[in-house]
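What follows is a single structure, written as structure tokens, with notes after it.
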2 protein chains.
Amino acid sequence: MDTPVESTRERLLNIAEQRFGEAGYEGTSLRAITVAAAANIAAVNYHFGSKEALLRAAVARAAGPVNAERRRRLDQLEGSGQPAPEQLIRAFIEPGLDLVLRRGERGAIVARFIGRVAFDPSPRIRELYAAESEPIEKRYLTALQRALPHAAPTAVAFGFVNMLGLLALHQSQALSRAPGTEDPDDPSKLAENLVAFLVAAFDRGLRS
Amino acid sequence: MDTPVESTRERLLNIAEQRFGEAGYEGTSLRAITVAAAANIAAVNYHFGSKEALLRAAVARAAGPVNAERRRRLDQLEGSGQPAPEQLIRAFIEPGLDLVLRRGERGAIVARFIGRVAFDPSPRIRELYAAESEPIEKRYLTALQRALPHAAPTAVAFGFVNMLGLLALHQSQALSRAPGTEDPDDPSKLAENLVAFLVAAFDRGLRS
DNA sequence: GCATAGTTCAAACGGACGTTTGAATGAGAG
DNA sequence: CTCTCATTCAAACGTCCGTTTGAACTATGC
């Protein structure tokens with residue numbers, strides 16, 4: 001293992017994304033986080049400044065690499081001609097769902113955290129996440145509208161909102177699944193199943 | 001108007017579903033609710049017993065009629081032979097989204113409230129909603145699996161989870177829509193657009 | 001050794017929370 | 001009018017919240 005020691009700052013971020021993903025921002029107290037992280041409660045304000053700043057730092061650390069990978073893949077797709085809708089959908093979905101499969105590691109916890117923050121009940125929290133992800137989302141939306149010239153732009157935007165929602169849904173369920181509604185068979189196929197579901201809906205389910 | 005007077009109990013329920021839908025259960029204090037409802041804070045515990053009991057009562061009042069209509073329509077469909085997937089999807093979706101359109105009335109507030117409670121960050125709250133809606137959901141899932149014999153039951157269950165998620169998404173956005181991602185044109189077409197989206201995904205997006 | 005900057009700590013801050021109390025108020029029945 | 005029971009009320013309960021304080025500790029450079 002190349003984790004020689006874990007700094008207080010890192011432990012706080014790790015526990016924060018675990019607990020915020022479990023019970024939400026409002027439902028998680030700083031005391032619960034600091035106790036689990038074996039840190040003093042004052043450490044949060046020392047390292048981050050406030051509870052919300054801790055959340056902001058956790059969001060940036062969790063969503064940053066995912067969105068970076070999305071940028072990388074979109075750059076690559078746009079570098080070689082007009083991408084197909086399926087390619088765009090896959091390039092957006094997969095970086096977010098690959099996390100879900102890393103159950104032994106931090107991945108599934110990160111996925112749940114992202115999924116819950118993205119659709120938190122509080123508009124304040126949602127905006128905090130949107131600030132992190134909106135630029136790359138907008139790029140994908142534009143690309144999808146170009147890739148689906150026969151559908152009205154508003155219709156594609158409707159589908160795009162659905163894609164964001166379903167991705168967050170399956171991310172937030174990374175560590176818990178209601179019985180009887182498991183993913184089809186092999187959980188590693190989740191991304192493929194979701195892409196297939198969305199591609200069908202985009203290709204044939206959008207009225208102009 | 002046939003609202004001669006509004007009892008304290010009714011005012012509390014009305015404000016509760018408005019505020020819980022705005023900021024979530026944890027993010028809304030009883031004091032905020034009682035002030036807005038022009039009621040004393042002790043009225044909540046007098047009429048309901050606790051904050052959670054108030055939420056439970058609000059969920060029952062909001063979701064009850066929606067699920068009743070779903071039962072009615074499923075009974076009717078099953079009374080006349082094998083229903084098509086589209087009929088089932090429509091019968092499930094429309095009762096939940098009709099609320100969204102009643103912007104002048106309480107409908108949109110109820111829709112947002114339901115959508116937020118169904119996917120609240122706290123498992124406790126989600127279970128509280130599930131207890132209300134799981135029976136009818138299970139009936140629809142079974143009916144859908146029968147209506148899609150060529151798809152694996154787990155695949156249909158996957159699609160069903162997506163349907164629940166997207167419905168809750170659009171319900172929760174009943175009173176707020178991110179700019180640039182409006183519903184296609186006529187908002188009254190939301191149900192039709194969502195049904196078309198889901199039908200396409202169910203018919204062609206589920207791998208067996 | 002000593003000074004310095006970075007980090008951790010126990011303790012307390014004021015405020016907001018859900019809940020409870022017991023008296024005051026109201027309407028309806030006898 | 002009087003009794004009764006449901007409802008409302010101001011006030012306080014104890015607890016937990018995010019945040020702040022100032023001292024104690026740790027390590028590094030001189």
Side-chain angles (χ1 to χ4, degrees), chain A residues 3-61 113 116-117 120-125 127-128, chain B residues 3-61 113 116-117 120-125 127-128:
Chain A
T3 49
V5 274
E6 223 178 10
S7 69
T8 298
R9 198 189 140 88
E10 287 166 340
R11 288 199 320 277
L12 286 173
L13 287 171
N14 291 343
I15 299 291
E17 67 191 2
Q18 178 196 120
R19 299 305 173 93
F20 285 153
E22 261 179 40
Y25 178 76
E26 298 279 3
T28 305
S29 71
L30 285 187
R31 280 172 176 84
I33 291 174
T34 51
V35 166
N40 188 278
I41 183 165
V44 170
N45 286 282
Y46 174 74
H47 286 285
F48 302 97
S50 69
K51 183 186 182 184
E52 185 172 319
L54 167 62
L55 174 65
R56 193 172 6 252
V59 167
R61 194 185 68 155
F113 172 64
R116 290 234 179 276
V117 171
D120 189 273
S122 160
R124 181 171 194 77
I125 308 300
E127 281 165 21
L128 192 146
Chain B
T3 50
V5 273
E6 224 178 9
S7 70
T8 298
R9 200 188 138 88
E10 287 166 340
R11 285 196 326 272
L12 285 174
L13 286 171
N14 290 343
I15 300 291
E17 67 190 2
Q18 177 196 120
R19 299 304 173 95
F20 284 151
E22 259 178 43
Y25 177 75
E26 299 280 1
T28 305
S29 71
L30 286 186
R31 280 173 175 82
I33 292 174
T34 50
V35 165
N40 188 278
I41 184 168
V44 170
N45 285 281
Y46 174 75
H47 286 285
F48 302 97
S50 70
K51 184 186 182 185
E52 185 172 317
L54 167 63
L55 174 66
R56 192 170 10 249
V59 167
R61 194 186 68 156
F113 172 63
R116 290 234 178 278
V117 169
D120 190 273
S122 161
R124 181 172 194 75
I125 307 300
E127 283 165 18
L128 194 146

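Computed from a prediction, not measured in an experiment: that's the story for all the values here. Here is how names work: the chains are called A, B, and so on, in the same order as the sequence lines, proteins then strands, and each is numbered from 1.
In terms of the ring pair (Phe, Tyr, Trp, His ring centres under 6.0 Å) criterion, B/F113 has no residue partners (sequence neighbours excluded). Considering only residues two or more places apart in sequence or on other chains, B/S122 meets the side chain to side chain contact (heavy atoms under 4.5 Å, CB included) condition with B/D120, B/R124, B/I125. Every residue meeting the salt bridge (charged side-chain N to carboxylate O under 4.0 Å, His left out) condition with B/R56, not counting sequence neighbours, appears here in chain and number order: B/E52.
The residue B/T34 sits apart from the nucleic acid: no heavy atom pair falls under 4.0 Å. Among the protein residues, B/A43 comes within range of no part of the nucleic acid, since none of its heavy atoms lies under 4.0 Å from any strand.
Atom P of nucleotide C/dA12 and atom CG of A/N45 are separated by 19 Å, given to the nearest angstrom. One atom, CZ of B/R19, and another, P of C/dC17, lie 12 Å apart when rounded to the nearest Å. Atoms CD (B/E52) and C1' (C/dT19) sit 14 Å apart, rounded to a whole Å. The CZ-P distance, from A/F48 to C/dG6, rounds to 17 Å in whole Å. Atom CZ in A/R31 sits roughly 16 Å away from atom P in C/dC17 (whole-Å rounding). As a whole-Å value, the separation of B/I33 CD1 from C/dT19 P is 11 Å. In this structure, the CG atom of A/N40 is 6 Å from the P atom of C/dC9, given to the nearest Å. Atom NE2 of A/H47 and atom P of C/dT7 are 6 Å apart (whole Å).
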Donor-acceptor pairs are to be reported for all side-chain atoms of residues 30-49 of chain B against protein atoms at under 3.5 Å, with residues two or more places apart or in another chain.
from, atom 1, to, atom 2, distance (Å)
B/T34, OG1, B/L30, O, 2.9
B/T34, OG1, B/R31, O, 3.1
B/N40, OD1, B/A42, N, 2.8

Just distance, no hydrogens or angles: give the donor-acceptor pairs under 3.5 Å from side chains in residues 14-24 of chain A, sequence neighbours left out.
from, atom 1, to, atom 2, distance (Å)
A/N14, OD1, A/R61, NH1, 3.2
A/N14, OD1, A/R61, NH2, 2.7
A/N14, ND2, A/E6, OE2, 2.6
A/N14, ND2, A/E10, O, 3.4
A/E17, OE1, A/R106, NH1, 3.1
A/E17, OE2, A/R61, NH2, 3.2
A/E17, OE2, A/R106, NH1, 2.2

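When DNA chain D is scanned in the 5' to 3' direction for atoms under 4.0 Å from non-hydrogen atoms of chain B, the outermost contacting nucleotides are D/dA6 to D/dA12.
Nearest-nucleotide positions on DNA chain C for B/G49 and B/A32 put B/A32 closer to the 5' end.
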- Task: Apply side-chain contact (heavy atoms from CB on, under 4.5 Å) to A/Y25 and A/R116, showing your working.
- Result: CA-CA 9 Å; A/Y25 178 76; A/R116 290 234 179 276; over 6 Å; no
